[in-house]
Amino acid sequence: MNETLNLVVGLAMGLNLIALGSSRLPTLIRAMSLQGMVLGVMPLLLEHERLDWRILLVAFATMAGKGVLIPSLLRRAMRAANIEREIEPFIGFVPSLLLGAGGTIAAMALARGLPLLPEHAGTLLVPGSLASILTGFILLIGRAKAISQVCGYLILENGIYLFGLLLIHSTPLLVESGILLDVTVGVFIIGIIVDRIQRAFDSLDTRKLTTLRE
Amino acid sequence: MNPLLLIIVPLIGAGLAALWPDNRTRPWFLPIVGLAHLAMTFWLFVNPPVVAADAWLGFDPLARAVLPVVSLLFVVCAAYGVSYLQIRLERPNRVFVALLLTILGLLSAGHQSRHLGLLWITTEAVTLASVPLLHFNGTPRAFEATWKYLLVGGTGIALSLLGSFCLGYASLQGGGVGDLTFPALMAQGATLSRPWVLTAWVLLLVGYGTKMGLAPMHTWKPDAYGEAPGIVGALMAGGVTTVAFTAILRVRSVVAASGEGPMADRTLLVIGLFSMLVAALFLLGTRDFKRMLAYSSVEHMGILCIGAALGAAGVAAALFHVWSNALTKGSLFLSAGNLRRAAGSPSMDDVRGMSLLTPRSAALFITGMFAVTACPPFGPFFSELLVLRAALATGHGLATAIFLGCALLAFFGLTRVVFGIVDGRPRPATRANGKKFVETAGVVAPPLVLLVMSLWLGLFTPTILREAWAAAVAQLFPTP
């Protein structure tokens with residue numbers, strides 16, 4: 001079981017690098033949505049005594065929310081704004097790819113230093129989580145288009161979700177469902193704001209959002 | 001009485017307001033629900049219920065020490081909101097009214113949350129619910145502020161979730177069975193895994209600190225407060241930030257129970273002093289009187305953190321400061337909202353002579369400015385004095401000196417802007433715009449009431465309030 005899980009976490013980490021290295025927004029969104037799908041499979045791969053309905057619900061909601069719903073919202077925003085590419089990001093594609101790769105290695109090293117329960121010691125969940133969080137931050141800081149920044153935020157959330165899998169047996173359903181609910185609601189609001197920004201500024205380039213400063 | 005009503009009643013009110021058809025009468029939901037909430041909170045304050053140790057939600061001593069001021073602030077802001085929304089009838093207020101009531105319900109839930117996960121869910125929900133309030137004015141500047149608020153606030157929320165997970169994992173490693181209520185975590189004490197507790201503390205402090213607006217995570221604050229209507233600024237500075245502060249207090253008590261209390265206090269002290277310093281420096285530079293209030297809020301969040309770092313006496317002083325800051329800052333935001341409407345601009349480059357155009361709001365604004373910079377005999381003077389006494393009693397001489405220096409710089413910064421816009425002769429453009437704004441009782445009385453309450457809090461702090469703060473401190477610092 002652990003090996004399949006590690007393979008899937010590794011896949012998610014690879015998708016991080018694709019997200020960092022691509023200049024085309026559809027690729028970025030596709031990487032993110034695939035990552036959401038992969039994340040949805042993971043709860044099913046964890047070792048359980050028996051598969052109860054709460055785990056199934058988390059898995060299904062993750063796949064539907066992160067894998068289908070949110071990406072389709074972003075695709076619609078992208079078409080409405082008529083943009084395909086991230087041009088002139090704050091952090092270039094090669095530097096961010098290098099940062100991401102270095103961060104992944106650092107995450108592996110850091111995770112080794114943290115004390116883990118025996119049943120989690122062999123999994124890639126903690127390094128995968130740290131690497132995704134870092135990827136999310138790089139995209140948030142390094143990209144200028146609002147859609148890329150939203151993708152960055154979602155990859156950051158994915159990293160936190162990976163960490164949450166460590167606790168899936170001990171935290172009650174309320175916490176898990178709260179997480180999913182909040183992410184979904186958050187994206188609805190982000191979707192609305194992206195739409196409004198596009199109408200107000202006629203662009204989704206956050207470089208134009210510079211009126212408010214000292 | 002069931003404390004859950006504090007959450008349910010505002011949420012039902014929000015639902016009804018969302019369904020209410022008439023734009024003109026809908027704002028009345030705000031004071032009606034607010035008064036009901038205040039009455040219930042007051043009743044619970046006088047007759048505190050017994051909270052089961054494993055309850056996820058409950059009107060515990062910490063909620064009792066803070067929630068009444070949030071309710072009080074909401075009622076006064078609601079009264080202001082009725083007059084404000086009558087002036088702004090051109091904009092639909094369905095979402096605005098419904099979300100303000102939702103926020104009241106969620107704040108009640110957040111203050112009463114005794115469970116790490118539930119606390120996170122409610123604070124995140126408050127953040128999301130306040131997003132549409134920020135762009136009520138619909139200007140490009142307002143959307144820019146909202147976007148920055150969403151990105152910075154969202155990242156803060158994400159980090160506090162990660163911190164909550166880390167604290168949960170620390171409990172699992174210590175042999176916990178996944179009970180994430182604060183009393184259970186505190187009972188685990190020294191068995192919590194140290195590395196994970198430290199990681200959790202850093203992440204939760206950054207996460208909830210973003211929500212509070214501590215420097216250097218404060219960058220959303222001037223934009224959001226500068227562009228949002230005054231009533232939203234008042235509620236965010238006095239209500240929403242306090243829920244993050246009580247979250248930090250609750251987490252701190254768990255960290256202290258695990259034996260890392262001195263480290264937690266050191267980080268709180270440093271981040272508090274840094275916030276004061278950053279706020280003071282920006283106050284000396286800003287030319288916008290609404291952004292000025294945001295920096296002043298950053299300064300006061302710093303003071304709260306400094307208080308929280310100074311042991312039992314300091315936390316009691318910080319809870320006092322939560323009250324005095326909420327009331328005084330609320331008054332300032334409301335009177336600033338009046339000035340902003342009358343002047344047509346928030347910048348001291350365009351605005352002068354407001355004492356001639358809107359004499360009452362200008363007088364309130366000046367008095368509020370003196371109150372918030374801790375001039376006696378208003379509330380903030382006494383609460384900051386208590387923080388300083390706690391600092392000196394625990395031997396933090398250098399911190400006291402920095403505190404006083406920053407407070408002095410902030411005083412210079414605030415007086416510079418306030419007298420800049422109040423004094424002089426109004427420009428012709430401002431004069432024409434100001435003629436359209438009438439200082440009715442509806443927009444002048446609420447800030448006046450808040451200011452009088454701040455004065456009352458300073459001069460005659462009720463004994464029952466002091467007892468409530470002491471009980472909250474006893475909850476946070478259990479004697480072994």
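Atoms considered below: every heavy atom in the structure, side chains included; atoms not considered: hydrogens, waters and symmetry mates. Chain naming here is simple, since letters A, B, ... match the order of the sequence lines and numbering starts at 1 in each.
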* Taking the six-membered ring for Trp, are the ring centroids of B:W147 and A:Y153 within less than 6.0 Å of each other? -> no
* **Smallest separation among heavy atoms of B:G168 and A:L167, with atom names** => C-CD2, 3.8 Å
* Quick one: of B:S164, B:P140, B:G226, B:S193, who has the most non-hydrogen atom pairs under 4.5 Å with chain A? -> B:P140
* **A:M63, CE atom: more than 12 neighbouring heavy atoms under 6.0 Å** => yes
* To do: Answer with side chain, backbone, both or neither: which region of B:T146 has an atom nearer than 4.5 Å to a non-hydrogen atom of chain A?
  => side chain
* Asked: B:L116 versus chain A, heavy atoms under 4.5 Å apart: side chain, backbone, both or neither?
  -> neither
* For A:F137 and B:T155, what are the C-alpha separation, side-chain angles and deciding distance, and is it a side-chain contact (heavy atoms from CB on, under 4.5 Å)? -> CA-CA 9 Å; A:F137 268 120; B:T155 314; 3.4 Å; yes
* Grab the two heavy atoms, one from A:I160 and one from B:A158, that are nearest each other, plus how far apart they are. => CD1-O, 3.0 Å
* Asked: Checking side-chain contact (heavy atoms from CB on, under 4.5 Å) for the pair B:W196/A:L116: CA distance, chi angles, key distance, verdict?
  -> CA-CA 10 Å; B:W196 286 108; A:L116 289 173; 3.9 Å; yes
* Parallel, tilted or perpendicular: which describes the rings of A:F163 and B:Y169, with under 30° parallel and over 60° perpendicular? -> perpendicular
* Do you know which of B:G154, B:S171, B:G138 has the most heavy-atom pairs with chain A at a distance under 4.5 angstrom? -> B:G154
* **Atom pair CG (A:L162) and CG (B:L162), whose distance is rounded to the nearest 0.5 Å** => 11.0 Å
* To do: Count the heavy atoms belonging to other residues, nucleotides or ligands that lie under 6.0 Å from CZ of A:F60, then report whether that count exceeds 12.
  => no
* Structure fact -> In this structure, CG of A:L166 is separated from CG of B:L172 (nearest 0.5 Å) by 9.0 Å
* Using non-hydrogen atoms only, which part of A:L117 is less than 4.5 Å away from chain B: side chain, backbone, both, or neither? -> both
* To do: Evaluate whether atom CZ of A:R76 has more than 12 neighbouring non-hydrogen atoms of other residues, nucleotides or ligands under 6.0 angstrom away.
  => no
